[in-house]
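Right, one structure below, let's go through it.
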Amino acid sequence: MFAANETVSKCGRVEQDALQDIQAGRSATRWFGAGGGALWAAAPHSMVRWEERRGTAGGSGPAVLEPSASTMSPPKENVSLLFKLYCLTVMTLVAATYTVALRYTRTAGTELYFSTTAVCTAEVIKLFLSMGILAKETGSLTRLITSLKENVFGSPKELLKLSVPSVVYALQNNMAFVALSNLDAAVYQVTYQLKIPCTALCTVLMLNRTLSKLQWFSVFMLCGGVTLVQWEPAQATKVQVEQNPWLGFGAIAVAVLCSGFAGVYFEKVLKSSDTSLWVRNIQLYLSGIVVNLVVVYMSDGAKVLEKGFFYGYTYYVWFVVFLASVGGIYTSVVVKYTDNIMKGFSAAAAIVLSTVASVILFGLQITVTFSLGALLVCISIYLYGLPRQDTTKIQPSETKSSKERLATV
């Protein structure tokens, strides 16, 4: 029986090796008495019940802690095909709709809103959504506050670490607005797939991974497809605003570089500790809000003070902000349920939907080179995902080995 808030050093007859294993990577672990010879180990992002087990049946051997069957996360079963199709549909619609809607708001001919404020507003919404999900994950408001104090406000070094991708993501998101102000949604959607080879290169350099020959082939095929799309860009006859295609392509180039680096950097930070994804997201969005407020001040400060932060916002603009916020959050939730083939198909389907919508809404004139380039990009995305392991399958041996390591006397 352990007292509430009792420190590890005073936990009595608990095997020290087991305690060290439990505490590994969890410097903020606290212990709460649960009665009946059991403990609740509150990690920064999870609550796991640990039961005291004696070395011999009913005897007085050394006590060890092992995860209780009542609170151990059960092995995840493969999700149904229907749910996978649901995830695929939502990801496709969000990607395609966001691109087309953003393009519409930048070319509608109305008073243009400040894109920097839209990016900042999206970060604020993402922050509150992440806090809501973390509250559900921790199970109570008290544990949420404790987690925020220990992992966010009490960890300035971690906030500083996440400020790096925050700056890069801020640049990427603002470049998306510049690109879609000067390029059609379909052209943007195809060209933006250059983030795949950029991410692949950053993965090789920063995470020391290797790519298969088929993946390298698909990378070069994708670059060839994008080159064809840009060789003779499709023109939108219904768009009357002044555009600069070269500025748009330059903005995409900056955006894909930012996407590749920031994505791999954030993955490296996530895998360097067992801190919750939502805690990391909160750290990221807090830094992102500060960075974007600086961008707003430097880019549109005088105009924002004169006209207001939400000047030019319409229902369509708020819809774009909503898609930018929920889209990123939703993707991080459902991505574990879909394999790379489905994600590749989703990206290809988004290209097709964006193209169809651009023809209808903006009068996009499809050329032969655009069609051939888009086809090559879709095929390369599919090929790039083939060699990778299906991320929807969870290895049951991981849970078993963890339990055996903790329970061994």
Side-chain angles (χ1 to χ4, degrees), residues 95 98-99 101-103 105-106 112-127 130 158-183 185 187-203 205-207 226 230 243-270 280-304 309 317 320-321 323-329 331-332:
Y98 171 74
T99 303
L102 199 160
R103 170 67 173 173
T105 62
R106 303 304 289 177
L112 271 184
Y113 58 97
F114 303 119
S115 60
T116 52
T117 65
V119 174
C120 187
T121 304
E123 293 296 299
V124 174
I125 297 175
K126 289 178 186 178
L127 174 64
S130 295
E158 295 300 314
L159 281 175
L160 185 62
K161 186 188 299 183
L162 268 297
S163 65
V164 175
S166 296
V167 172
V168 180
Y169 277 132
L171 179 59
Q172 173 193 336
N173 293 330
N174 281 282
M175 286 299 101
F177 280 85
V178 175
L180 282 165
S181 298
N182 294 278
L183 293 174
V187 176
Y188 170 86
Q189 193 75 267
V190 175
T191 310
Y192 190 64
Q193 301 309 314
L194 284 173
K195 66 182 180 180
I196 294 177
C198 183
T199 302
L201 182 61
C202 290
T203 299
L205 296 177
M206 298 173 62
L207 300 181
V226 171
Q230 294 295 330
Q243 301 176 95
N244 186 342
W246 286 106
L247 176 61
F249 182 73
I252 291 183
V254 174
V256 298
L257 290 173
C258 292
S259 175
F261 172 78
V264 175
Y265 183 97
F266 189 58
E267 179 185 353
K268 190 171 183 178
V269 171
L270 280 177
R280 289 301 189 189
N281 276 341
I282 291 172
Q283 294 170 338
L284 180 69
Y285 298 144
L286 277 175
S287 302
I289 291 172
V290 174
V291 171
N292 279 287
L293 284 175
V294 173
V295 173
V296 171
Y297 176 78
M298 295 179 62
S299 179
D300 303 304
K303 295 179 181 179
V304 169
F309 193 86
V317 176
V320 169
V321 172
L323 289 176
S325 307
V326 179
I329 295 293
T331 300
S332 64

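FYI, side chains are in, hydrogens and waters are out, and symmetry mates aren't considered; it's all heavy atoms of this structure.
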Beyond-backbone contact of V264 with L207, side-chain heavy atoms, under 4.5 angstrom: yes
With rounding to the nearest 0.5 Å, note down the distance linking CG in N281 to CZ in F266. 4.5 Å
Of the non-hydrogen atoms in L284 and P165, which two are nearest, and what is the gap between them? CD1-CG, 3.8 Å
Does D300 use its side chain to pair, donor to acceptor, with the backbone of V296 at less than 3.5 Å? no
Could you walk me through whether T105 and Y113 pass the side-chain contact (heavy atoms from CB on, under 4.5 Å) test, one step at a time? CA-CA 9 Å; T105 62; Y113 58 97; 2.8 Å; yes
Nearest 0.5 Å, please: how far is OG in S166 from OH in Y265? 9.5 Å
Working to the nearest 0.5 angstrom, can you tell me the gap between Y188 OH and Q193 CD? 9.5 Å
Taking side chain as C-beta onward, heavy atoms only, is V291 less than 4.5 Å from S163? no
Heavy-atom closest contact (I289 atom, C120 atom, distance): O-SG, 4.2 Å
Is there a side-chain contact (heavy atoms from CB on, under 4.5 Å) between V295 and N174 once you walk through the steps? CA-CA 9 Å; V295 173; N174 281 282; 4.2 Å; yes
Which pair of heavy atoms, one from T199 and one from G260, lies closest together, and at what distance? OG1-CA, 3.4 Å
Nearest non-hydrogen partners of E123 and G288, listed with the distance: OE1-CA, 4.2 Å
Find out whether Q243 and L183 are in side-chain contact, i.e. whether some heavy atom of one side chain is under 4.5 Å from a heavy atom of the other. no
To the nearest 0.5 Å, what is the distance between CD1 (I282) and CG (L162)? 11.0 Å
T116 OG1 to N173 CG distance, which is reported to the nearest 0.5 Å: 12.0 Å
Y285 six-ring face occupied by R280 cation (under 6.0 Å, within 45°): no
Nearest-0.5 Å distance, CD of residue Q283 to OG of residue S287: 7.5 Å
Quick check: do T99 and Y192 have side-chain heavy atoms less than 4.5 Å from each other? no
Apply side-chain contact (heavy atoms from CB on, under 4.5 Å) to the pair I252 and M175, showing each step before the final yes or no. CA-CA 7 Å; I252 291 183; M175 286 299 101; over 6 Å; no
Taking every non-hydrogen atom, the tightest pair across S115 and R106: CB-NH1, 4.0 Å
